S.K.: 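Have a look at the structure that comes next, please.
It should be emphasised that the depicted structure is a prediction, and the values quoted were computed from it without experimental measurement. When reading the values below, keep in mind they use all heavy atoms of this one structure, side chains included, and skip hydrogens, waters and symmetry mates. Letters A, B, ... are given to chains in the order of the sequence lines, protein chains preceding strands, and every chain is numbered from 1.
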Amino acid sequence: MFALVDCNNFYVSCERAFNPSLTGKPVVVLSNNDGCFIARSDEAKALGLPMGGPAFKFRDILQKNRVRVFSANFPLYGDMSSRVMATIGDLAPEIEIYSIDEAFVDLGGFSRFGLEHHASRIRSTVRKHTGIPVSIGIGSTKTLAKAASRMAKKNPGYEGVCMLSTRKEISDALTTLKVDDIWGIGRQWNRLLETRNIRTALDYSRTPASWIRKNLHIPGIRIQEELNGHSCLPLEQVRPPKQSICTSRSFGRTVISLDELQQAVATFAGTCARKLREEGSVASMLTVFICTSPFDEPHRKYRGTRTLAMPRPSRDTISVIRTAELALASIYREGFEYKKAGVIVSGLAPASSSEREIALFTEEDTAGNDREKRLMEAMESINRRYGPAAVRIAAENDDAWKPNQAMKSAQYTTAWSDILTLSG
DNA sequence: TCTGGGGTCCTAGGACCC
DNA sequence: TCTGGGGTCCTAGGACCC
């Protein structure tokens, strides 16, 4: 049996863990640039504030109800997530960390304790050790566990733990589960399914497989199998190496000049290089994209994207930035108000394999590679000691296009300076 | 005035190979 | 008269997830 442990309103719960006065009050957390709602407390949901809704359109509701509004504080949420996952892992070692606020665990070995009982123990321990409330769903497939966790969250009667085991429990659950609440069914597919009058998970589970195969392809078939109790999605305890790494941002204001875009793109490229080194990978390709706001008039819209091969597979800041600059120069067009840009590195391979390949090249290349590597190591050791951007490549600069974050809470668990604000 | 960021998988179509 | 079959790789785009 699989269990899904799912943190309730995760980012809001993180804010509450350090600020108990938020308990019982409506709270929202905003995306970068204080744009959209990305987390809402139950009280905020009850006010009709939608997930992903743009904050400026709900200003009245926010003010009238004294909603507590926070800018996103991802270092805090990431650190709280690690603590939650570590606590779960202590009580259920076969764990797949699925997202920042969710983990699948295999409860197979715990049947003699009673699965629901053990799940309750996980729930109360996480609450006690981290302050984060979680809901837990148990089922014979990941998709059923997901559905169960939804029920656990929605109905207080379950006290945070819902297990689907008998045939009747499963079919009752599938009858109440709307098709677009199934894990893996999004907006487009929901629209298509509606036209066929497929409205509940039970309808979906009984739809001819040939039709699903034709219209929703392999992923659709997997969902159907999983709803019918045939597990297709195994627990992935070891995260597979990343295939691509992306760094992108919306700008705090519109950016017009190539010069400013270059600064932004170089900074994102530098971040990608650092992420590559963390991942232990090298990249063979690099993509740059720039775009205007999707809400602009059609004639003012532009999206440019360009993929280039790296001169050789690398994770060196300088060569990643250089390649990104070439790509940017080829897509930049004058006269547009750019709102967002990003760098994606792909064609990733383990760094160790590339070192062997480099050894096949000429003497100079080997020397160059070695010099790059030592330079990166030196930069990183300086930055570890003196702060994240103590030394950087001159092209990197986040002054001009930095996102706005007006209402950010302190980094209670990751910055010493911010802990002082707690006690002070 | 003001609308996030980081991923994966799948398909289709074109280039190219033998 | 009339022009195969099978494969890979790459890119772009669209779907999904959190």
S.K.: Could you walk me through whether A:R68 and A:E43 pass the salt bridge (charged side-chain N to carboxylate O under 4.0 Å, His left out) check?
M.R.: CA-CA 11 Å; A:R68 308 299 204 276; A:E43 299 79 6; over 6 Å; no
S.K.: Give a yes or no on whether the backbone of A:L22 and the side-chain of A:R16 come within a donor-acceptor separation of less than 3.5 Å.
M.R.: yes
S.K.: Has the side chain of A:N383 got a donor or acceptor atom that lies under 3.5 Å from a matching backbone atom of A:V391?
M.R.: yes
S.K.: At a heavy-atom distance below 4.0 Å, what parts of residues 53-74 of chain A sit against DNA chain B?
M.R.: A:P54, A:F56, A:K57, A:R59
S.K.: Indicate yes or no for a side-chain donor-acceptor contact from A:H118 to the backbone of A:L91 under 3.5 Å, with no hydrogens or angles considered.
M.R.: yes
S.K.: Taking heavy atoms of chain A and a 4.0 Å limit, find me the 5'-most and 3'-most nucleotide of DNA chain C within that range.
M.R.: C:dT11 to C:dC18
S.K.: Between A:C246 and A:T254, just flag the one whose closest nucleotide in DNA chain B comes earlier from the 5' side.
M.R.: A:T254
S.K.: So among A:R239, A:Q237, A:K142, which one has a side chain to side chain donor-acceptor pair (under 3.5 Å) with A:E96?
M.R.: A:K142
S.K.: Which part of the nucleic acid does A:L30 contact within heavy-atom distance under 4.0 Å: base, sugar-phosphate only, or nothing?
M.R.: nothing
S.K.: For A:Y11, check ring pair (Phe, Tyr, Trp, His ring centres under 6.0 Å) against everything at least two apart and list the hits.
M.R.: A:F74, A:Y77
S.K.: Below 3.5 Å, can you tabulate the donor-acceptor pairs from side chains in residues 177-188 of chain A to any protein atom, sequence neighbours excluded?
M.R.:
from, atom 1, to, atom 2, distance (Å)
A:D181, OD2, A:R150, NH2, 3.1
A:W183, NE1, A:Y98, OH, 3.3

S.K.: Rounded at 0.5 Å granularity, tell me how far NZ in A:K45 sits from CZ in A:F37.
M.R.: 13.0 Å
S.K.: Under 4.0 Å, heavy atoms only, any strand: does A:D101 hit a base, just the sugar-phosphate, or nothing?
M.R.: sugar-phosphate
S.K.: Tell me what A:I185 touches on the nucleic acid: a base, only sugar-phosphate, or nothing, going by heavy atoms under 4.0 Å.
M.R.: sugar-phosphate
S.K.: Backbone N or O of A:G342 within a donor-acceptor pair of the A:S248 side chain at under 3.5 Å?
M.R.: no
S.K.: Compute both the distance and the angle, then confirm whether A:R306 meets the cation-pi test with A:F289: under 6.0 Å from the six-membered ring centre, within 45 degrees of the axis.
M.R.: no
S.K.: For A:M51, which contact category applies under a 4.0 Å heavy-atom criterion: base, sugar-phosphate, or nothing?
M.R.: nothing
S.K.: Ring of A:Y302, cation from A:R333 - is the NZ or CZ under 6.0 Å from the centre and inside 45° of the axis?
M.R.: yes
S.K.: Given the C1' atoms of C:dC18 and B:dC2, what is the spacing between them in whole Å?
M.R.: 25 Å
S.K.: Using a heavy-atom cut-off of under 4.0 Å over every strand shown, decide if A:T305 touches base, sugar-phosphate, or nothing.
M.R.: nothing
S.K.: Could you provide the dot-bracket string of DNA chain B, using ( ) for intrastrand pairs, [ ] for crossing pairs and | for bases paired to another strand, with Watson-Crick or G-U pairs below 3.5 Å?
M.R.: ....||||||||||||||
S.K.: Just call it for A:T247: base, sugar-phosphate, or nothing, with non-hydrogen atoms closer than 4.0 Å on any strand.
M.R.: sugar-phosphate
S.K.: List in numerical order all residues of residues 215-224 of chain A for which some heavy atom is under 4.0 Å away from an atom belonging to DNA chain B.
M.R.: A:H217, A:P219, A:R222
S.K.: Are A:N32 and A:R249 packed together at the side-chain level, in the sense that at least one heavy-atom pair is separated by less than 4.5 angstrom?
M.R.: yes
S.K.: To the nearest 0.5 Å, what is the distance between CE (A:M285) and CG (A:L348)?
M.R.: 8.5 Å
